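Everything on this sheet refers to the single structure shown next.
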Amino acid sequence: MEQLNQEQLSEVRRQMEIYTQGVQEIIPSEELEVKVAKSIMKNRPLKIKLGLDPSAPDVHLGHTVVLNKLRLFQDNGHVIQLLIGDFTGKIGDPTGKSVARKQLTDDEVKHNAKTYFEQFGKVMDMEKVELHFNSKWLSKLNFEDVINLAGKITVARLMERDDFEERIALGKPISLHEFFYPLMQGYDSVELECDIELGGTDQHFNILMGRHFQEKFGREKQVAMLMPLLEGLDGVEKMSKSKKNYIGIDEQPQDIYGKAMSIPDELMVKYFELITDFSPDDLAKIKTDLESGELHPRDAKMLLGKTIVRIYHGEEAADKAEKGFISVFQQGAMPDEIPTIVWDGKKEVAVVDLLVELDMLNSKSEARRMIQNKGVKVNGEKVEDTHTVISITNDLVIQVGKRKFVKIHI
RNA sequence: GGAGGGGUAGCGAAGUGGCUAAACGCGGCGGACUGUAAAUCCGCUCCCUACGGGUUCGGGAGUUCGAAUCUCUCCCCCUCCA
């Protein structure tokens, strides 16, 4: 290999520092540096792949851990390859569930891809992103091709996958088709000739399959970059839509702020590290101040909430969200902005009916319970009796629990 | 192809003719205390025309005064052997 000059060498170091920050694992880490060096020397951008599940298009903060990293590559002139697993999605990820994933129509896939595109735009420059669908090549393989592909990997190797190992130990079933999922993901990397594949640590096995197959097909092997998984609001499970423990980047500022405030303290630092734009120095200061007690955990969390809102909605919205939070939750006032619902029903309504019609609760029984538990307020006054009848007036405010408010307009 | 085990509320799991709208645990929700954190405590957790009524225990049909519990049948899942 030709020698890098001094300037190029420091450029390699600069980029490496950026890329490796906050990454859980790089496999193998030396190769990343080689790739970056080559790219700089030959002035050829690296291709960074990110695989996406076409069935869950709501982007939340968990995704942004990876997206932020991609963005850094993009900022330095490298090419991001977004791969929509439209074909793979039909087979189903081996998650231990017996229920087969429902097949998506082409329209749904397109729609979901578009949603990704719009939401990713908040983090990266979509103009420069390459978009791919793996059905393009996977749907063309015939049975012979598939057998050939399968011949390039051993069963023993496949069974090393944590999930499979676990299920074998527990005596749970593994369908044969599930073995093909890693094969397909690996083959995608062959097709895309990617230099790096990014993903969460849960993608460890699949991403290494990319290396394996690239080698079998005589291509240059990709580097695996694994980002830590972000736990959701419950502090235990990985953030995901199905667990309902997520903060969506599309959500309202107040909601984002509020949800951020409800994360367990132990998670704060991790959130700061993975989903905010603080510099390593700032992060270090927050950490030490928290430890010394100089920074109250509550205040740190408020800073976190404000920062997240700022990133996705701007400075102004962040200020507003914080002020709203202080007045509503710390001082018990009513929020400034309450969703308004136009009421064209009767003027005199039983509370229980009202709560259901406003869609604040699912059934009258639930409404009665909620009232008995002292969780319903009308214009700030607690409703004591389940039989209460409300006279509807303009701007009447109904509150359920601590956070649900609705204002009525006639 | 053979043998066996199983499908109960969001999940896990009791219950095997009336006392079961169904124990218990988890989760979830509300309240108290707080910092919409943790811990703790209290209450709730099928629906409704609500001191009562209606529909629930994989689907359907039956036996019975009465079934999640018994019979038949269909569907689905799992384990072991070949």
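Bear in mind the structure is a predicted one, so any value in this text is a computation, not a measurement. When reading the values below, keep in mind they use all heavy atoms of this one structure, side chains included, and skip hydrogens, waters and symmetry mates. All chains are named by letter (A, B, ...) in the order of the sequence lines, taking the proteins before the strands, and each is independently numbered beginning at 1.
Between the NE2 atom of A/His387 and the C1' atom of B/C51 there is a distance of 11 Å, given to the nearest Å. Straight-line distance from the CG atom of A/Asn362 to the P atom of B/G28: 17 Å, rounded to whole Å. Counting to the nearest Å, the P atom of B/U49 and the CG atom of A/Asp353 are 7 Å from each other. Between the CG atom of A/Asn245 and the P atom of B/C26 there is a distance of 20 Å, rounded to whole Å. A/Tyr257 has its OH atom 13 Å from the P atom of B/A37, to the nearest Å. Rounded to whole Å, the distance from CD on A/Glu322 to P on B/U36 is 12 Å. Distance A/His296 NE2 to B/A38 C1': 13 Å, rounded to the nearest Å. Rounded to whole Å, the distance from CD1 on A/Ile371 to P on B/C29 is 19 Å.
A/Tyr116 and A/His63 have perpendicular rings, their planes meeting at more than 60° on a 0 to 90° scale where under 30° would count as parallel. Ring-plane geometry between A/Tyr246 and A/His60 is classed as tilted, the angle between the planes lying from 30 to 60 degrees on a 0 to 90 degree scale. The aromatic rings of A/His132 and A/Trp137 lie tilted to each other, with the angle between the two planes from 30° to 60°.
B/G15 sits 16 Å from B/A9 when the P atoms are compared, rounded to a whole Å. B/G54 and B/U49: their P atoms are spaced 15 Å apart (whole Å). A gap of 14 Å separates the C1' atoms of B/U36 and B/C29, to the nearest Å. Using C1' as the reference atom, B/G53 and B/U63 are 27 Å apart when rounded to the nearest Å. For the P atoms, the distance from B/G43 to B/A23 is 16 Å, rounded to whole Å. For the C1' atoms, the distance from B/A68 to B/U55 is 14 Å, rounded to whole Å. As rounded to the nearest Å, B/A14 and B/G25 have P atoms that lie 15 Å from one another. B/C80 and B/C47: their P atoms are spaced 41 Å apart (whole Å).
In A/Asp336, the CG atom is not crowded: 12 or fewer heavy atoms of neighbouring residues, nucleotides or ligands sit closer than 6.0 Å. Other residues, nucleotides and ligands contribute over 12 non-hydrogen atoms within 6.0 Å of the CD atom of A/Gln330.
As the counterpart of B/C24, B/G12 is assigned, both hydrogen-bonding distances of the Watson-Crick or G-U wobble pattern falling under 3.5 Å. Remark: B/U69 base-pairs with no nucleotide; criterion is Watson-Crick or G-U wobble with both hydrogen-bond distances under 3.5 Å. Across all strands shown, B/C41 forms a Watson-Crick or G-U wobble pair, both distances under 3.5 Å, with B/G31. Pair assignment for B/G1 gives B/C81, based on Watson-Crick or G-U wobble hydrogen-bonding distances that are each under 3.5 Å.
Checked by atom type, the side-chain pair A/Asp385/A/Thr388 shows no donor-acceptor distance below 3.5 Å.
Counting any heavy atom pair closer than 4.0 Å across all strands shown, A/Pro264 reaches sugar-phosphate atoms only and no base atom. Among the heavy atoms of the strands lying under 4.0 Å from A/Lys402 is at least one base atom, whether or not backbone atoms are also near. Within the nucleic acid shown, A/Gly401 comes within 4.0 Å of sugar-phosphate atoms alone, with no base atom in reach, counting heavy atoms only. A/Ser365 comes within contact range of at least one nucleobase, with a heavy-atom separation under 4.0 Å. Residue A/Ile263 is classed as a sugar-phosphate contact, given heavy-atom separations below 4.0 Å to backbone atoms only.
Judged by distance alone with a 3.5 Å cut-off, a donor-acceptor contact links the side chain of A/Arg403 to the base of B/U36. Side-chain to base pairing of A/Asp265 with B/G35: one donor and one acceptor N or O lie within less than 3.5 Å of each other.
OP1 or OP2 of B/C47 lies within a sub-4.0 Å distance of a side-chain N or O belonging to A/Arg369. Taking only side-chain nitrogens and oxygens, A/Gln372 never comes nearer than 4.0 Å to OP1 or OP2 of B/G30. For B/C47, the OP1/OP2 oxygens have a side-chain nitrogen or oxygen of A/Ser363 closer than 4.0 Å.
Mapping A/Gln330 and A/Lys374 onto RNA chain B by nearest heavy atom places A/Lys374 closer to the 5' end of the strand. Along RNA chain B, the nucleotide nearest to A/Val376 and the one nearest to A/Lys301 differ in position, and the one closer to the 5' end is contacted by A/Val376.
Proximity note for A/Arg298 (side chain, C-beta onward) versus B/C48, B/G30, B/G35: the nearest is B/G35.
Side-chain contact between A/Thr307 and A/Asp277 is present, with at least one heavy-atom pair separated by less than 4.5 Å.
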